[in-house]
Amino acid sequence: MNTRILLTITAILHALAGLVLTFLPGEVARQFGAVDATSSVLPYQLVGAAYLGFAVLNWLNQRSAIGGIFGRPLVFANFLQLFVGGFAVVQFATGPARGTVLPWVAAAVYFLLAACYGYLLFRKPEGRG
C-alpha cells in the first residue's frame with residue numbers, strides 16, 4: 001500500500017471538509033436542519049478546525065515511514081477518527097437523512113479509509129526489516 005497516496009487523499013478530503021466547516025458553518029448547519037444557524041456556528045467551526053489540523057498532520061507526514069510501530073500515533077488517530085466518523089454518518093443516514101444516497105457514499109468513503117489505516121496499524125512499512 002502506498003502510504004503517500006493514502007495520506008495525500010486523506011489530507012485533501014480533511015482540508016476540504018475543514019474549509020467548508022470553518023468558512024461556511026451557517027450554511028452547513030442549515031443543511032443539517034438547524035433552525036437558528038447562528039447559534040450553532042461555533043461547533044461547526046471547531047470541527048472544521050480539527051479537520052484542518054488532521055489535514056496538515058497528514059500532509060506533513062507524507063514522506064514518513066508509516067506502518068507497524070512507525071507513525072503509530074498518526075495512523076491510529078486517522079483510523080479512530082474515520083472509523084467512529086463512519087458510524088456517525090451511518091447513524092445520520094438511518095435517521096433524518098433516510099432515503100438519500102449521499103450519506104451512504106460518505107460512510108463508504110469513511111469506512112474504506114478507516115480500513116486502509118487499520119491495515120497500516122498491523123503491517124511493516126515497505127523497506128523496513
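Both backbone and side-chain heavy atoms feed into the values below; hydrogens, waters and symmetry mates do not.
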- Message: Taking Phe76 as the starting point, is it possible to reach Tyr51 by hopping between hydrophobic residues whose side chains are less than 4.5 Å apart?
- Response: yes
- Task: Apply side chain to side chain contact (heavy atoms under 4.5 Å, CB included) to Phe23 and list each qualifying residue two or more places apart in sequence or on a separate chain.
- Result: Leu19
- Task: Return the set of residues passing side chain to side chain contact (heavy atoms under 4.5 Å, CB included) with Val109 (not counting sequence neighbours), or none when no residue passes.
- Result: Leu13, Leu113
- Item | Non-hydrogen atoms of Ala114 and Leu82 that approach each other most closely | CB-CB, 3.8 Å
- Verify same cluster id: Val75, Phe122 (apolar side-chain graph, 4.5 Å): yes
- Item | Partner set under side chain to side chain contact (heavy atoms under 4.5 Å, CB included) for Val20, not counting sequence neighbours | Val28
- Note on the structure: Connected to Leu46, directly or through other members, by ILVMFWY side-chain contacts below 4.5 Å are Leu42
- Return the set of residues passing ring-ring contact (aromatic ring centres under 6.0 Å, His included) with Phe87 (not counting sequence neighbours), or none when no residue passes. Phe83, Phe111
- With clusters built from Ile, Leu, Val, Met, Phe, Trp and Tyr whose side-chain heavy atoms come within less than 4.5 Å, directly or transitively, what are the remaining members of the cluster of Phe54, listed by chain and number? none
- What pair of heavy atoms forms the shortest contact from Leu21 to Gly48, and how long is it? CB-CA, 3.6 Å
- Task: State yes or no: do Ile5 and Leu60 share one hydrophobic cluster built from I, L, V, M, F, W and Y residues joined by side-chain heavy-atom distances below 4.5 Å, directly or via other members?
- Result: no
- If two hydrophobic side chains count as joined below 4.5 Å and joins carry through other members, does Trp59 share a cluster with Leu74? no
- Any side-chain heavy-atom pair from Val84 and Tyr110 closer than 4.5 angstrom? no
- Quick one: pull up SG in Cys116 and CG in Asn2 and give me the separation to the nearest 0.5 Å. 11.0 Å
- Query: Out of curiosity, Arg63 CZ to Thr3 OG1, how far, rounded to the nearest 0.5 Å?
  - Reply: 11.0 Å
- Item | Qualifying residues under side-chain hydrogen bond (donor to acceptor under 3.5 Å, both in side chains), relative to Gln91, sequence neighbours excluded | none
- Item | Which residues share a side-chain hydrogen bond (donor to acceptor under 3.5 Å, both in side chains) with Thr22, sequence neighbours left out | none
- Task: List for me each residue that meets side chain to side chain contact (heavy atoms under 4.5 Å, CB included) alongside Ala55, sequence neighbours excluded, and say none if there are none.
- Result: His14, Ala15
- Name all residues meeting the ring-ring contact (aromatic ring centres under 6.0 Å, His included) criterion together with Tyr44; count only those two or more places apart in sequence or in a different chain, and write none if there are none. none
- Message: Grouping I, L, V, M, F, W and Y whenever their side-chain heavy atoms are under 4.5 Å apart, do Leu52 and Val41 come out in a common cluster?
- Response: no
- Remaining members of the apolar cluster that contains Leu16, side-chain heavy atoms under 4.5 Å: Ile12
- Item | Test item: Asn78 and Leu120 side chains (from C-beta on) under 4.5 Å apart, heavy atoms | no
- Rounded to the nearest 0.5 Å, what separation is found between the CG atom of Leu24 and the CD atom of Gln31? 11.0 Å
Enumerate donor-acceptor pairs with a distance under 3.5 Å from any side-chain N or O in residues 65-72 to protein atoms, sequence neighbours excluded.
from, atom 1, to, atom 2, distance (Å)
Arg72, NH1, Gly68, O, 2.9
Arg72, NH1, Leu121, O, 2.8

